[in-house]
Structure formats: structure tokens, C-alpha cells
Asks: 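Please find one structure pasted underneath; my questions will follow.
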Amino acid sequence: IMYSQLKQNDKAMQDIEKAISLAPENSFHYQFKGILYFGFEKYHTSLENFTTAINLLPEWAGHYVWRSAVYWELGDIANTTKDLDQAIRLKADEVSLFWRGLLFLHLGKISKGLYDLLASYHEADQPVHARITFWLGVAKLLVNEKEEAHRLFQQTIQLAKNENRAAHFSEPARIAILLNKDVKKAKELYESFFKRHYTIDNAKTENTHLELLQHLFPHNEAIANTRQWFYNKRISIYQLTPNQIKSKNNKNISDKSVSYR
């Protein structure tokens with residue numbers, strides 16, 4: 001984990017392989033390996049590792065949540081939904097409800113997404129995570145409850161100030177481009193995001209957040225421009241090799257898949 005935080009991904013992978021050889025029945029070793037491959041965007045290898053983790057510990061909800069993320073990236077909505085539903089059956093907590101809420105937003109099922117995000121908000125430990133208040137604000141914006149949306153965005157900014165992790169920069173950056181179309185401010189915040197040694201999966205997850213935001217607000221050029229800049233920055237920092245493919249979110253905007261060097 002330390003090597004991953006330091007962006008020394010070769011060493012991180014070597015350590016997790018050694019951990020697996022010493023304790024092959026530990027499902028969390030395979031989960032971490034799957035997370036690394038998820039960050040590299042090697043989705044099929046990531047999927048194999050999350051499936052192994054599930055086979056070893058099928059009652060752990062977190063394994064299903066992570067595998068659902070891979071299915072989402074592969075465009076397999078049926079299995080994404082199936083895994084998130086199973087995670088919620090095992091443990092209806094803030095994490096599983098949050099990600100199913102985002103899936104519903106992605107599918108255009110705004111009312112269902114709002115329901116799950118509200119449930120995630122109420123299930124969350126206090127203080128609630130800024131990512132939940134941000135996306136709950138987005139859902140409120142989509143149903144035209146603008147006053148409540150802006151209240152939630154203000155709460156997000158206050159929460160993010162107290163978080164010593166990715167949300168400290170990422171949620172305020174998204175608010176900057178969503179509400180104010182301020183690309184410069186967003187880039188400044190994301191520069192700090194990368195300098196704080198956030199792991200490859202943090203960066204990949206943030207890329208997914210930006211993709212969803214662009215999907216929901218396709219005419220906001222600030223979101224599109226920031227998303228492309230963030231993606232290119234991530235490729236450079238984490239030494240990923242881009243290959244041009246068609247975007248799954250917007251056919252008019254090019255996307256890239258990457259493989260680990």
C-alpha cells in the first residue's frame with residue numbers, strides 16, 4: 001500500500017504477489033491486486049482478481065462493490081447492477097448505496113439515484129463524506145431543486161476542507177467546473193490532488209467521476225476540457241500508455257484506454 005501511495009507500482013505489485021504466495025486464502029490480497037489493475041485499466045485481469053476474492057469470501061460486500069466498478073468500465077450494466085444489488089443485500093452501507101446511486105444517475109434513473117444517495121447520506125458516519133454530499137447535490141440539481149443543491153455544494157466545500165485525502169481537492173474542483181465553469185481553479189485543485197501522492201486507483205476513480213459528470217452535463221465545456229486535461233495528466237504521472245478508443249459516455253468525445261507499461 002505504501003509503494004502504491006508513492007506511485008511505485010512495480011514494487012507494490014511485487015509485494016502483493018509475495019503476500020498472496022504467503023497467504024493465498026486471504027481474499028483482501030486479491031482485492032488489492034484487483035485495485036492496482038483497475039488503476040492500470042487492465043480490467044479483465046482486475047475482474048479475475050475480484051472474482052477470486054469473492055470466491056474466497058463471498059459474504060464480504062466490498063468485494064462486490066469493487067467488481068461492480070470493473071463491470072461498469074467494461075460497459076456491462078447488467079453485472080454492475082447485479083454486484084451492487086448483492087453488496088447491498090449483504091451490507092446496505094454508505095458505500096454500496098452511493099455507487100448504486102451513481103449507477104442510476106448514469107442510466108438516467110434520477111429518482112432511483114436520488115433515493116439511494118439519500119440513503120447513503122443517512123447511513124454514513126458523521127461527518128458525512130464530501131463525495132456523498134456532492135453527488136446528492138448533483139441529483140438535486142437534476143430534479144431542479146436548485147436551492148437544496150447549492151446548500152449541499154456548500155456543505156461539500158466545508159466537509160472537503162477537513163478531509164486529508166482526495167476529496168480535499170476533487171470535490172471542490174468538480175464544483176468549480178459544474179457551477180462556475182472555472183477550469184483554471186479546477187486545474188489548480190487537481191494539481192494539488194496529484195502532489196499529495198494519491199494512489200493510482202484514486203486517480204482512476206476521479207476520472208470516473210468526471211466521466212459521469214460530463215455524461216450528465218454534456219453541454220458544459222468546462223467539464224469536458226477538465227476531464228481531458230485530468231486524463232492526460234494521469235497518464236503522464238502514473239506512466240500509462242494511451243490507446244485511442246471510442247468513449248462509452250459520449251460518442252462525440254474521444255476517450256482512451258490504457259495499459260500498464
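Scope of the values below: all heavy atoms of this structure, side chains included, with no hydrogens, waters or symmetry mates.
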Asks: Show, in sequence, the C-alpha distance, side-chain angles and deciding distance for Phe104 and Leu114, and conclude whether the side chain to side chain contact (heavy atoms under 4.5 Å, CB included) test is met.
Replies: CA-CA 8 Å; Phe104 282 137; Leu114 181 56; over 6 Å; no
Asks: Of the non-hydrogen atoms in Ile110 and Val143, which two are nearest, and what is the gap between them?
Replies: CG2-CG1, 3.6 Å
Asks: Between Phe217 and Val138, is the side chain to side chain contact (heavy atoms under 4.5 Å, CB included) condition met? List the steps.
Replies: CA-CA 10 Å; Phe217 300 95; Val138 170; 3.9 Å; yes
Asks: Taking everything shown except Phe28 itself, do over 12 heavy atoms lie less than 6.0 Å from its CZ?
Replies: yes
Asks: Do you reckon Leu57 sits in the same ILVMFWY cluster as Tyr64, going by side-chain contacts under 4.5 Å, direct or chained?
Replies: no
Asks: Are Val128 and Glu94 close enough, and set up right, to give a side chain to side chain contact (heavy atoms under 4.5 Å, CB included), and what steps lead you there?
Replies: CA-CA 9 Å; Val128 67; Glu94 62 177 287; 5.6 Å; no
Asks: Testing the basics here: between Thr156 and Ala130, what is the closest heavy-atom pair and its distance to 0.1 Å?
Replies: CG2-O, 3.6 Å
Asks: Nearest 0.5 Å please: distance from the CG atom of Leu103 over to the CG atom of Asp83.
Replies: 11.0 Å
Asks: Through direct or indirect side-chain contacts below 4.5 angstrom among Ile, Leu, Val, Met, Phe, Trp and Tyr, which residues connect to Leu97?
Replies: Ile88
Asks: Rounded to the nearest 0.5 Å, what's the gap from CG on Asn79 to CG on Leu74? Could you check?
Replies: 9.5 Å
Asks: Within this structure, what is the OH-CD distance for the pair Tyr43 and Glu41, rounded to the nearest 0.5 Å?
Replies: 3.5 Å
Asks: Evaluate the salt bridge (Lys or Arg N to Asp or Glu O under 4.0 Å) criterion for residues Lys181 and Glu221: first the C-alpha distance (whole Å), next the side-chain angles of each, then the deciding distance (0.1 Å), finally the verdict.
Replies: CA-CA 8 Å; Lys181 298 181 172 59; Glu221 292 185 5; over 6 Å; no
Asks: Among residues at least two apart in sequence or on other chains, which ones pass side chain to side chain donor-acceptor pair (under 3.5 Å) with Asn225?
Replies: none
Asks: Go through the structure and list residues passing ring pair (Phe, Tyr, Trp, His ring centres under 6.0 Å) with Tyr190, not counting sequence neighbours.
Replies: Phe230
Asks: Mind checking what makes side chain to side chain donor-acceptor pair (under 3.5 Å) contact with Glu48, not counting sequence neighbours?
Replies: none
Asks: Who are the side chain to side chain donor-acceptor pair (under 3.5 Å) partners of Ser27, not counting sequence neighbours?
Replies: His63
Asks: Which atoms form the tightest heavy-atom contact between Ile132 and Leu117, and what is the distance?
Replies: CG2-O, 4.1 Å
Asks: Hey, could you give me each pair passing salt bridge (Lys or Arg N to Asp or Glu O under 4.0 Å) that has a residue in residues 137-151? Not counting sequence neighbours.
Replies: Lys140-Glu145, Glu148-Arg151
Asks: Which heavy atom of Thr226 sits nearest to which heavy atom of Ala186, and what is that distance?
Replies: CG2-CB, 4.1 Å
Asks: Rounded at 0.5 Å granularity, tell me how far NZ in Lys82 sits from CG in Asp85.
Replies: 10.5 Å
Asks: Under 4.5 Å between any side-chain heavy atoms of Phe134 and Pro172, yes or no?
Replies: no
Asks: Taking C-beta and beyond as the side chain, do Tyr231 and Ile235 meet within less than 4.5 Å on heavy atoms?
Replies: yes
Asks: Taking atom types as modelled and ignoring hydrogens, do the side chains of Thr208 and Lys204 form a donor-acceptor contact shorter than 3.5 angstrom?
Replies: yes
Asks: Who passes salt bridge (Lys or Arg N to Asp or Glu O under 4.0 Å) against Lys233, sequence neighbours left out?
Replies: Glu191
Asks: The criterion is ring pair (Phe, Tyr, Trp, His ring centres under 6.0 Å); which residues satisfy it with Phe50, sequence neighbours excluded?
Replies: Trp66
Asks: For the hydrophobic clusters of this structure (ILVMFWY residues joined by side-chain heavy atoms under 4.5 Å, transitively), does one cluster hold both Leu210 and Leu216?
Replies: yes
Asks: Quick check: do Asp93 and Phe98 have side-chain heavy atoms less than 4.5 Å from each other?
Replies: no
Asks: Tell me, do Trp99 and Trp72 make a side-chain contact under 4.5 Å, heavy atoms counted?
Replies: yes
Asks: Which pairs, with at least one residue in residues 111-132 and sequence neighbours excluded, count as a salt bridge (Lys or Arg N to Asp or Glu O under 4.0 Å)?
Replies: Arg100-Asp116
Asks: Mind checking the CD-CD spacing from Glu171 to Glu206? Nearest 0.5 Å is all I need.
Replies: 6.5 Å
Asks: In terms of hydrophobic clustering (I, L, V, M, F, W, Y; side-chain heavy atoms under 4.5 Å; direct or indirect links), are Ile54 and Tyr30 co-clustered?
Replies: no
Asks: Considering all heavy atoms of both residues, which atom of Ala139 and which atom of Leu105 are nearest to each other, and what is their separation?
Replies: CB-CD2, 4.3 Å
Asks: Main chain of Gly101, side chain of Tyr115: is a donor-acceptor contact present, judged purely on distance under 3.5 Å?
Replies: no
Asks: Side chains of Lys185 and Asn180, heavy atoms from C-beta outward: is any pair under 4.5 Å?
Replies: no
Asks: From Ile20 CD1 over to Glu25 CD, what is the distance, rounded to the nearest 0.5 angstrom?
Replies: 11.5 Å
Asks: Please check: side-chain N/O of Ser170 versus main-chain N/O of Phe193, any donor-acceptor pairing under 3.5 Å?
Replies: no
Asks: Run the salt bridge (Lys or Arg N to Asp or Glu O under 4.0 Å) test against Glu188 and tell me which residues pass, sequence neighbours left out.
Replies: none
Asks: Does the side chain of Asp201 come within less than 4.5 Å of Leu36's, by heavy atoms?
Replies: no
Asks: Begin with the C-alpha distance, continue with both residues' side-chain angles, and end with the deciding distance and a verdict on side chain to side chain contact (heavy atoms under 4.5 Å, CB included) for His106 and His215.
Replies: CA-CA 7 Å; His106 172 74; His215 175 73; 3.7 Å; yes
Asks: Does Leu212 reach the side chain of Trp135, with side-chain heavy atoms less than 4.5 Å apart?
Replies: yes
Asks: Quick one: does Ile35's side chain get under 4.5 Å of Asn49's, heavy atoms only?
Replies: no
Asks: Suppose the criterion is side-chain hydrogen bond (donor to acceptor under 3.5 Å, both in side chains): which pairs have a residue in residues 51-60, not counting sequence neighbours?
Replies: Thr51-Arg67
Asks: For the residue pair Pro24 and Leu56, what are the closest heavy atoms and their distance?
Replies: O-CD1, 3.8 Å
Asks: Can you sort out the partners of Gln86 under side chain to side chain donor-acceptor pair (under 3.5 Å), two or more places apart, ordered by chain and number?
Replies: Arg89
